[in-house]
Amino acid sequence: QQQVKQSPQSLIVQKGGISIINCAYENTAFDYFPWYQQFPGKGPALLIAIRPDVSEKKEGRFTISFNKSAKQFSLHIMDSQPGDSATYFCAASFGNEKLTFGTGTRLTIIP
Amino acid sequence: DAGITQSPRHKVTETGTPVTLRCHQTENHRYMYWYRQDPGHGLRLIHYSYGVKDTDKGEVSDGYSVSRSKTEDFLLTLESATSSQTSVYFCAIRGTGGTEAFFGQGTRLTVV
C-alpha cells in the first residue's frame, strides 16, 4: 500500500524553465511534507518542507504548493539549472513518526 | 554534514551469509531509521528505532533484524542474505519535533 504517490517518474526540462513534480497522499493525519534532493552516490538531503497550515512555501527558486482538500502537494523549481539535475523525493509523516517516501523523480535539466 | 556515518560503504557477500550494517550518529538524536533504495521503489522503510532497545518494523522488514543498544548506534542485520536484498541501504536520524531527517551516505550491498 503506497501512501505517497509521486509523479512523474522522470522529467526533462530546458535550462531556465519550470520543473514541476507532484505528490498525492492518503493519510489525513500527515502533518509534515518535505522534499528531498539526492545526487548520485549521495544520501538524500532536505530541500524544503511544509506543514498543512499554509498553502505555499518558497525558498529561493524552490516552492512547495500544498492543497489540503485534494491531499496533494507539489514542488516547483523556477529558472531550472543544470545543477538541479538530481532525483527528488517527496515524503510525509505525522508527529515524530517515520517518513513515508514517494518513489522519486529523476530530473534532468538540458542546456 | 550531520554526524551520521554508515559502514561499510560497499560490501559484496554470498547468498546465505549473515551481514551486519552499522549506522553511527554523533547528534544524540532519538529516532534512527534504516531504508533501502531500489529503482522504481524509492526509499522504503525497513526498521526504525525510537530509543535505546525500542525498535519497530517498517514496510519491508522480512529478512532483516535490528538492534540499538546505545543511542549512537543502530545495526541492521540480514540473517541469511538473498539476492533480493541487493540494494543501497540508507540510515537516517531525526530529532524530536517531527522535522528534518538526516541521511547517511549509504551502503551498497551486493548479494551474489
For the residue pair A:Leu99 and B:Arg94, establish whether any side-chain heavy-atom pair is separated by less than 4.5 Å.
yes
Contact class of A:Pro44 relative to chain B, heavy atoms under 4.5 angstrom
both
Using non-hydrogen atoms and a 4.5 Å limit, figure out which bit of B:Tyr50 sits close to chain A: side chain, backbone, both or neither.
neither
Roughly how far apart are A:Leu46 CG and B:Phe103 CZ, rounded to 0.5 Å?
10.0 Å
Region of A:Phe94 that comes under 4.5 Å of a non-hydrogen atom in chain B
neither
In short, A:Tyr32 meets B:Glu100 closest at the heavy-atom pair OH-N, 3.5 Å
B:Arg9, part contacting chain A, at a heavy-atom distance under 4.5 Å:
side chain
With a 6.0 Å cut-off (strictly less than), is the heavy-atom count around CD of A:Gln9, excluding the residue itself, greater than 12?
no
Quick one: pull up CZ in A:Phe89 and OH in B:Tyr35 and give me the separation to the nearest 0.5 Å.
11.5 Å
Quick check on B:Gln37 against chain A: is it the side chain, the backbone, both or neither that has a heavy atom closer than 4.5 Å?
side chain
Can you confirm whether more than 12 heavy atoms, excluding those of B:Glu14, are under 6.0 Å from its CD atom?
no
Which bit of B:Leu43 is near chain A, if near means a heavy-atom gap under 4.5 Å: side chain, backbone, both or neither?
both
Considering all heavy atoms of both residues, which atom of B:Phe90 and which atom of A:Gln38 are nearest to each other, and what is their separation?
CZ-NE2, 3.3 Å
